[in-house]
Amino acid sequence: MLNIYNSLSQSKETFKPIKPGKVSMYVCGITIYDYSHIGHARTFVSFDVIARYLRYSGYDLTFIRNITDIDDKIIARANENKESIHELTARFEKIMHEDFDSLGMIKPDIEPKATESINEIIEIIQTLMDKGFAYQGEDGDIYYHVPKFEDYGKLSKQNLEALQAGERVGVASDKKSPMDFVLWKMAKPEEPSWSSPWGEGRPGWHIECSAMSKKCLGDHFDIHGGGSDLQFPHHENEIAQSEAANGCCFANTWIHTGMVQVDKEKMSKSLNNFFTIREVLALYRSESVRYFMLSSHYRSQLNYSEENLKAADASLERLYLSLRDLDLSNLPEVSTDSDYLAKFKQAMDDDFNTPEAMAVLFELAKEINRAKSTDLERALLLAAELIELGGVLGILQQSPEAFLKSSSSGEDSDDSRIGQLIAERNQARADKNWARADEIRDQLQAEGVVLEDKAGETVWRRE
RNA sequence: GGCUGGAUGGCAGAGUGGUUAUGCAGCGGACUGCAACUCCGUGGACGCCGGUUCGAUUCCGACUCCAGCCUCCA
């Protein structure tokens with residue numbers, strides 16, 4: 001039985017889909033105008049595992065992850081670059097897909113874009129106008145009138161009075177209430193715009209997600225997710241828009257991921273302390289980066305550091321080492337009543353507890369290592385389980401040799417040269433010239449290549 | 001100031017009202033020319049103060065500290 005922590009109720013709830021056997025999930029994607037950073041990676045790897053586990057559990061999942069491709073920052077960046085917003089967003093969309101692929105993320109079923117949902121956006125705004133939840137200011141912009149929505153604050157546990165007390169001063173506008181937010185913004189000259197019943201303009205920040213989730217999943221769906229920094233105001237505003245417009249419930253379960261920290265501070269663009277996915281993938285193996293993302297629970301903060309990334313790589317190396325020297329081409333069928341599978345599921349059923357689930361992977365690795373020398377059949381069965389469970393987390397799907405010989409940076413030292421040095425070293429060993437043998441090993445070690453002398457042969461791997 | 005969440009062994013990170021998390025690092029042993037890999041064994045922990053309890057790291061309350069949101073943010 002799957003239990004998920006719901007931000008709405010602030011507690012773990014037994015998950016019950018609206019339609020038995022089916023799950024609809026909408027995850028807020030990125031506003032696209034720059035390279036994606038490690039914080040994005042953390043959130044989307046988390047939802048990737050959630051999606052995989054829902055499917056592994058037998059649910060028929062529809063997974064939506066949007067792209068917000070119109071927004072003030074996009075316009076500003078495109079102007080800086082002297083290019084169109086479409087050129088800018090198309091370029092970074094391609095980069096984002098490459099980065100996400102590198103991290104082993106499965107693709108969402110639909111990846112809607114704000115600019116391809118303008119009709120739906122206008123429809124919702126019109127409904128909100130008709131129902132009296134929205135109004136047009138003197139500047140022509142359309143605003144959502146927050147005090148009109150009684151449940152405002154139910155997700156972020158804020159109340160309007162407190163929010164207004166904390167409101168920063170000096171915001172001059174013709175809003176009726178300081179908490180009101182823009183649904184439709186009138187276009188300034190030379191800004192990209194679409195025609196609407198209220199004039200040429202573009203959508204405000206929050207409305208596109210209400211429109212895209214409705215377009216893809218309908219008024220009422222199972223799971224809505226995103227980074228915890230979106231909980232307020234973005235998700236709160238989505239609820240206000242969608243529930244008011246649709247006159248009914250919106251998402252049942254809200255899932256929020258913890259932020260990535262650098263030196264105990266949130267990684268963010270405004271603090272300029274972020275690492276892009278590209279930068280990090282140049283330093284560490286991509287699968288190790290993914291492993292790192294899953295090594296702590298998705299709701300807790302994750303501290304980015306060289307030490308932690310190296311530890312993740314070493315841990316993953318241990319798992320792959322256990323699979324080495326086994327014939328993985330012909331794996332036996334995994335038995336459904338395996339204790340390890342049961343333990344793994346129990347961990348994942350408890351709000352997707354990946355650290356606990358990964359502990360099961362290490363138990364399997366240890367058992368495989370033991371069984372290798374005593375009971376090869378058992379070792380293979382356990383290896384099949386390890387690979388299957390790894391697959392649920394999106395790891396351990398390459399051959400051990402491929403992982404162990406891969407390097408973090410693209411600049412591999414030459415494999416054939418490594419082979420030559422090993423041959424030379426083995427000649428030295430045969431001659432009992434230990435000094436020369438150790439010299440070669442030290443030299444390779446300095447290049448990040450580790451040698452292991454097995455019976456009859458010497459194998460190598462990169463670390 | 002308001003609202004959330006957190007504080008676990010050298011590091012990372014789960015979990016539990018009484019019994020081994022797990023990984024890395026350490027220590028002892030086996031294996032090895034020496035290593036590496038692997039196995040066997042092993043030390044080390046629950047921020048602080050009270051309360052509940054036969055017993056609390058785990059429940060309750062206060063305190064201290066840390067982080068997130070309240071402006072753009074994954």
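Naming: A, B, ... by sequence-line order, numbering from 1 per chain.
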Under 4.0 Å, counting only non-hydrogen atoms across every strand here, what does A:Arg65 touch: a base, just sugar-phosphate, or nothing? nothing
To the nearest Å, how far apart are A:Ile50 CD1 and B:rA74 P? 17 Å
Does OH in A:Tyr35 sit with more than 12 non-hydrogen atoms of other residues, nucleotides or ligands closer than 6.0 Å? no
With both distances kept under 3.5 Å, what pairs with B:rU53, Watson-Crick or G-U wobble? none
Establish whether the base of B:rA74 is bridged to the side chain of A:Arg42 by a donor-acceptor pair shorter than 3.5 Å. no
Among residues 289-307 of chain A, which contact RNA chain B at a heavy-atom distance under 4.0 Å? A:Ser295, A:Ser296, A:His297, A:Ser300, A:Gln301, A:Glu307
Would you call A:Arg52 and A:Asp48 a salt bridge, using N to O less than 4.0 angstrom? yes
Which part of the nucleic acid does A:Ser270 contact within heavy-atom distance under 4.0 Å: base, sugar-phosphate only, or nothing? base
For atom P, what is the distance between B:rC40 and B:rC46, given to the nearest Å? 28 Å
Note: A:Glu363-A:Lys366 ion pair, threshold 4.0 Å (strictly below): no
Contact under 4.0 Å: A:Arg370 side-chain N or O vs B:rC40 OP1/OP2: yes
With rounding to the closest Å, how many angstrom separate the P atoms on B:rG10 and B:rG47? 13 Å
Pick the C1' atom in B:rU16 and in B:rC11, then give their distance to the nearest Å. 23 Å
Regarding A:Glu98 and A:Arg278, does a basic nitrogen lie under 4.0 Å from an acidic carboxylate oxygen? yes
With a cut-off of less than 4.0 Å, is there a side-chain N or O of A:Lys266 near OP1 or OP2 of B:rC69? yes
Both distances under 3.5 Å, Watson-Crick or G-U wobble: report the partner of B:rU32, or none. none
Integer angstrom distance from the P of B:rC34 to that of B:rU42: 26 Å
What interatomic distance, in whole Å, is found between C1' of B:rG2 and the corresponding atom of B:rG50? 28 Å
Does B:rG23 have A:Phe362 stacked on its base, where the ring centres are within less than 5.5 Å and the planes differ by under 30°? no
As its Watson-Crick or G-U partner within any shown strand, both distances under 3.5 Å, B:rA12 has B:rU22
Answer yes or no on whether A:Lys310 is positioned over the face of A:Phe292, meaning its NZ or CZ is under 6.0 Å from the six-membered ring centre and within 45° of the axis. no
With a 4.0 Å cut-off on heavy atoms, is A:Asp229 in touch with a base, just the backbone sugar-phosphate, or nothing at all? base
Nearest-Å distance once atom C1' is located in both B:rG41 and B:rU53: 37 Å
Base partner of B:rC65, which must satisfy Watson-Crick or wobble distances under 3.5 Å: B:rG6
Kindly indicate whether a cation-pi arrangement holds for A:Lys176 with A:Tyr143, taking the cut-offs as under 6.0 Å to the six-membered ring centre and within 45° of the axis. no
Side chains of A:Tyr26 and A:Glu238: donor-acceptor distance under 3.5 Å anywhere? no
Nearest-nucleotide 5' precedence on RNA chain B, A:Ser315 against A:Arg429: A:Ser315
Answer with base, sugar-phosphate or nothing: what part of the nucleic acid does A:Gln261 contact at a heavy-atom distance below 4.0 Å? sugar-phosphate
Whole-Å distance between B:rC34 P and A:Leu451 CG? 17 Å
In whole Å, I'd like the distance from the CD1 atom of A:Ile30 to the C1' atom of B:rC72. 14 Å
Are the aromatic ring centres of A:His256 and A:His235 under 6.0 angstrom apart? yes
Under 4.0 Å, heavy atoms only, any strand: does A:Lys73 hit a base, just the sugar-phosphate, or nothing? base
Under 4.0 Å between a side-chain nitrogen and a carboxylate oxygen: does that hold for A:Lys157 and A:Glu236? no
Measuring to OP1 and OP2 of B:rC39, would you say a side-chain N or O of A:Arg318 lies under 4.0 angstrom away? yes
When you measure from the centre of the six-membered ring of A:Tyr5, is the NZ or CZ of A:Arg299 closer than 6.0 Å and no more than 45° off the axis? yes
Categorize A:Val27 for me: base, sugar-phosphate, or nothing, with a 4.0 angstrom heavy-atom threshold over every strand shown. nothing
Do A:Asp453 and B:rC34 have a side chain to base donor-acceptor pair shorter than 3.5 Å? yes
How close or far is atom P of B:rC37 from atom CD1 of A:Ile422, stated in whole angstroms? 16 Å
Using whole Å, report how far NZ of A:Lys454 lies from P of B:rC34. 17 Å
For A:Lys264 and for A:Leu321, locate the closest nucleotide of RNA chain B by heavy-atom distance; then report the residue assigned to the nucleotide nearer the 5' terminus. A:Leu321
Report yes if the distance between the aromatic ring centroids of A:Phe275 and A:His37 is under 6.0 Å, otherwise no. no
Which whole number of Å gives the distance between the C1' atom of B:rU57 and that of B:rC49? 15 Å
Looking at A:Asn353, I'd like to know whether one of its side-chain N or O atoms comes within less than 4.0 Å of OP1 or OP2 on B:rA14. no
Taking any heavy-atom pair under 4.0 Å as a contact, classify A:Gly258: base, sugar-phosphate, or nothing. base
For A:Leu444 and B:rA35, give me the distance from atom CG to atom C1', rounded to whole Å. 14 Å
Have a look at A:Glu363 and say if it touches a base, only the backbone sugar-phosphate, or nothing, with a 4.0 Å heavy-atom cut-off. nothing
Here the distance between atom P of B:rC24 and atom CG of A:Leu316, to the nearest Å, is 12 Å
By the 4.0 Å heavy-atom rule, please label A:Asp438 as base, sugar-phosphate, or nothing. base
Phosphate OP1/OP2 of B:rC39 contacted by A:Lys372 side-chain N/O (<4.0 Å): no
When the C1' atoms of B:rA45 and B:rC60 are considered, how many whole Å apart are they? 23 Å
In the strands shown, is B:rG41 matched to any nucleotide by a Watson-Crick or G-U wobble pair with both distances under 3.5 Å, and which? B:rC27
Sugar-phosphate only, base, or nothing, as touched by A:Met267 at under 4.0 Å among non-hydrogen atoms: base
Just call it for A:Gly226: base, sugar-phosphate, or nothing, with non-hydrogen atoms closer than 4.0 Å on any strand. sugar-phosphate
Contact class for A:Lys366 (heavy atom, under 4.0 Å): base, sugar-phosphate, or nothing? sugar-phosphate
